[in-house]
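Each chain gets a letter, A, B and so on, in the order its sequence line appears, and its residues count up from 1.
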Amino acid sequence: MLEIKNLHVKVEGKEILKGINLTVNAGEVHAIMGPNGSGKSTLAQTLAGKTEYEVTNGEALFEGKNLLDLSPEVRAREGVFLAFQYPIELPGVSNTNLLKTALNEIRKYRGLEAIDTMEFLSMIKSKMKLVELEQSLLSRAVNEGFSGGEKKRNEIFQMAVLEPKLAILDETDSGLDIDALRIVANGVNKLKTKDNATIVVTHYQRLLDYIIPDFVHVLYKGKIVMSGGKELALELEDKGYDWVKEDIPQV
Amino acid sequence: MSSTEVSTIEELANKEYKFGFVTDIEAESLPIGLNEETIKKLSSIKGEPEFMLEWRLKAYRHWLTLTEPHWANVHYPKINYQAISYYSAPKKKPQLNSLDELDPELRKTFEKLGISLDEQKRLSGVAVDAVFDSVSVATTFREKLSELGIIFCSFSEAVKNHPDLVKKYLGSVVPHTDNFFASLNSAVFSDGSFVYIPKGVRCPMELSTYFRMNAANTGQFERTLIIADEGAYVSYLEGCTAPQRDENQLHAAVVELIALDNAQIKYSTVQNWYAGDKDGKGGIYNFVTKRGACRGVNSKISWTQVETGSAITWKYPSCILQGDNSIGEFYSVAVTNNLQQADTGTKMIHLGRNTRSTIISKGISAGRSNNSYRGQVKVARRAENARNFSQCDSLLLGDKCGAHTFPYLEINNPSAQVEHEATTSKIGEDQIFYLNQRGISTEDAIGLIVNGYCKEVFKELPMEFAVEAQKLLSISLEGSVG
């Protein structure tokens with residue numbers, strides 16, 4: 001589904017990603033871990049198409065198309081979804097309005113008719129239950145006045161409605177208490193199918209107790225320095241990132 | 001803002017004005033120029049009673065003593081008032097026995113503007129007075145309204161059929177001496193709408209006037225007078241468009257509202273006069289005086305305006321809160337793009353006790369435009385317990401436009417509570433990226449964000465109008481965020 005080859009990215013003139021290689025297949029969950037400043041969020045945002053991030057080398061093929069040639073909205077319509085680390089507030093724009101507009105753009109791109117309003121409303125109500133969100137959040141402005149936990153749950157709710165092929169969760173666990181973490185993780189697990197894939201970007205192992213990854217990669221100084229199964233995350237938790245740093249002196 | 005956003009905005013800014021067509025219809029016009037003879041001619045064409053002509057001449061003589069005001073934050077070359085024709089009307093007799101007799105060209109023109117004059121086809125609940133250049137060409141649903149004693153007709157008809165009401169109220173809120181443009185209007189106004197809602201009647205449908213300027217080198221000077229008698233209620237809508245012409249055209253209207261005891265008037269405008277092209281060529285000068293008097297106790301007047309058109313807008317819909325416990329409201333969205341200039345706001349004059357006013361103003365500037373809010377809140381000495389809340393928000397799209405706020409407060413009673421809040425913001429790149437990431441294009445993202453920004457004002461508009469306003473905003477802003 002996604003094949004990243006030798007990806008180099010500069011942010012404000014400074015090279016942050018220094019040759020990432022990563023392959024994600026349908027049905028897989030990949031965790032990307034790493035210490036602060038290793039480039040995890042840069043990778044997530046680059047895949048989503050943030051314009052300030054300059055790709056200096058490499059490619060990212062998504063179902064055969066080079067993602068990096070596409071505008072952010074086209075990537076989204078192709079099926080790439082980013083759950084933001086810091087979800088943005090949109091005063092006056094209701095959640096329902098945002099979701100309906102987004103869903104219809106995606107449907108239009110895929111040659112489908114705009115969704116019937118009644119059908120849309122019943123669909124979003126059922127999806128809200130996945131992340132245990134209050135219905136009142138639908139008519140409120142997107143993320144405005146939401147608690148940290150509500151914002152993160154709202155991201156997963158949007159993901160549930162838009163049904164992406166590839167979901168990238170950028171530090172979705174940060175700032176969540178243990179109950180919210182469980183709710184968010186349950187939501188993600190329920191959305192998992194054999195046809196979609198998830199990349200979980202996280203600093204801590206604890207999210208991976210709930211979302212079980214098939215692969216764990218360790219990002220350090222802009223490169224993936226270690227890859228393994230879910231046990232790698234536990235080892236990291238046990239030994240800390242210093243272990244990686246000591247083990248990879250050449251980076 | 002990234003370069004892609006800038007280019008999207010510029011692309012959008014260059015979208016065509018879709019109401020810019022010209023109707024080919026034979027017109028009867030007065031030659032250009034203005035003097036007492038022109039006014040006499042105008043009055044005689046309209047078959048007016050003597051009192052009207054006298055009033056016009058009095059206004060004209062006063063106007064001669066005035067000079068054009070230049071305190072507003074707008075700039076334009078000197079207007080030659082002798083180069084304008086003060087009257088233009090479609091040649092076929094506008095005196096219709098039924099709507100079926102309406103000139104098909106005129107009917108087509110309004111159809112094209114989305115205003116059906118066919119009562120059967122109208123969405124229920126809106127009666128329309130259609131004003132084409134200097135005259136009202138059709139008014140729908142008048143029989144149905146007259147059953148309730150409601151008078152909804154062109155100003156010309158009101159002068160003939162209801163002279164007592166006209167005499168009593170004309171100029172009672174905006175006197176003929178009020179200001180340069182109001183005096184000019186008083187001298188030469190050609191038509192407009194007249195509304196009278198009798199005691200205790202709640203008008204069952206929205207009343208609406210649609211102004212269309214067609215002929216070249218003419219000015220449109222219309223006058224609207226709305227009276228809500230004791231306990232009456234009316235919601236009134238006004239829409240306007242004009243052809244795309246290279247010359248500037250002057251539109252100097254006067255609107256007077258009178259609310260008696262316990263009466264309520266809700267006045268909504270969606271102004272979409274031609275704004276000129278992207279280089280600032282052409283467009284309407286919209287110099288308008290709108291004022292409402294809450295004359296009775298517990299009366300209420302609300303102005304809601306969505307201003308997207310005109311090359312220059314100079315307009316301050318105001319409320320005089322005379323009656324005790326009366327309420328004045330002003331909700332405004334003013335959008336300027338390209339080289340448009342707007343200086344708009346309101347005046348809330350508190351005279352009665354326990355009077356309250358609310359001002360919500362949303363200015364959106366894009367391109368190289370300039371958008372000013374100018375508002376006055378005045379609390380008179382005997383206005384005990386007056387309350388005002390003002391909120392003025394400015395949104396800048398791009399880095400070549402300007403937003404300005406000029407609040408004036410004059411408080412003469414220590415019990416007054418006056419609050420003023422102001423913000424200036426830009427649309428964040430992160431907001432646009434967030435929406436992009438959900439599959440929404442930059443253009444649509446800007447539309448969503450701006451509509452969200454204006455929500456507080458749009459919710460004051462009648463349903464049908466609100467949808468129109470949102471669309472209009474997206475069109476005029478297509479080309480306007482930063």
Notebook entry, point to check: Based on non-hydrogen pairs under 4.5 Å, which of A:Glu52, A:Arg75, A:Gln45, A:Gln158 is most in contact with chain B?
Noted result: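 The option with the most such pairs is A:Gln158.
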
Item checked: Short N-O contact, A:Glu155 and B:Arg438, less than 4.0 angstrom ->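 The answer is yes: the pair qualifies as a salt bridge.
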
Sort [X] into side chain, backbone, both or neither according to what part of it lies under 4.5 angstrom from a heavy atom of chain B.
X        : answer
A:Val142 : side chain
A:Glu78  : neither
A:Leu90  : both

Out of curiosity, [X] [atom1] to [Y] [atom2], how far, rounded to the nearest 0.5 Å?
X        : Y        : atom1 : atom2 : value
B:Thr442 : A:Glu73  : OG1   : CD    : 5.0 Å
A:Ser94  : B:Leu448 : OG    : CG    : 9.0 Å
B:Asp430 : A:Lys50  : CG    : NZ    : 6.0 Å
A:Thr51  : B:Ile432 : OG1   : CD1   : 9.5 Å

Above 12 or not: heavy atoms from other molecules or residues under 6.0 Å from [atom1] of [X]?
X        : atom1 : answer
B:Arg368 : CZ    : no
A:Lys65  : NZ    : no
A:Lys165 : NZ    : yes
B:Arg356 : CZ    : no

Note to self: Sort by residue number and list every residue of residues 102-110 of chain A having at least one heavy atom under 4.5 Å from chain B.
What the structure shows: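 Residues in range: A:Ala102, A:Glu105, A:Ile106.
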
Check: If you tally heavy-atom pairs under 4.5 Å against chain A, which of B:Gln437, B:Glu456, B:Gln431 wins?
Finding: B:Gln437

Next item on the list: Check the pair A:Leu98, B:Ile440 against side-chain contact (heavy atoms from CB on, under 4.5 Å), reporting the backbone distance first and the verdict last.
Entry: CA-CA 9 Å; A:Leu98 164 67; B:Ile440 299 168; 3.7 Å; yes

Margin query: Quick check: closest heavy atoms across B:Gly439 and A:Ala76, and the distance to 0.1 Å?
Written below: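 Taking B:Gly439 first and A:Ala76 second, the nearest heavy atoms are N-CB, 3.3 Å.
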
Next item on the list: Specify the closest pair of heavy atoms between A:Pro72 and B:Phe433, including all atoms of both residues, with the distance to one decimal.
Entry: CB-CE1, 4.1 Å

Next item on the list: Show your reasoning for whether side-chain contact (heavy atoms from CB on, under 4.5 Å) applies to B:Leu435 and A:Thr101.
Entry: CA-CA 10 Å; B:Leu435 289 165; A:Thr101 309; over 6 Å; no

Margin query: Determine whether the aromatic ring centres of residues B:Tyr434 and A:Tyr86 are separated by less than 6.0 angstrom.
Written below: no

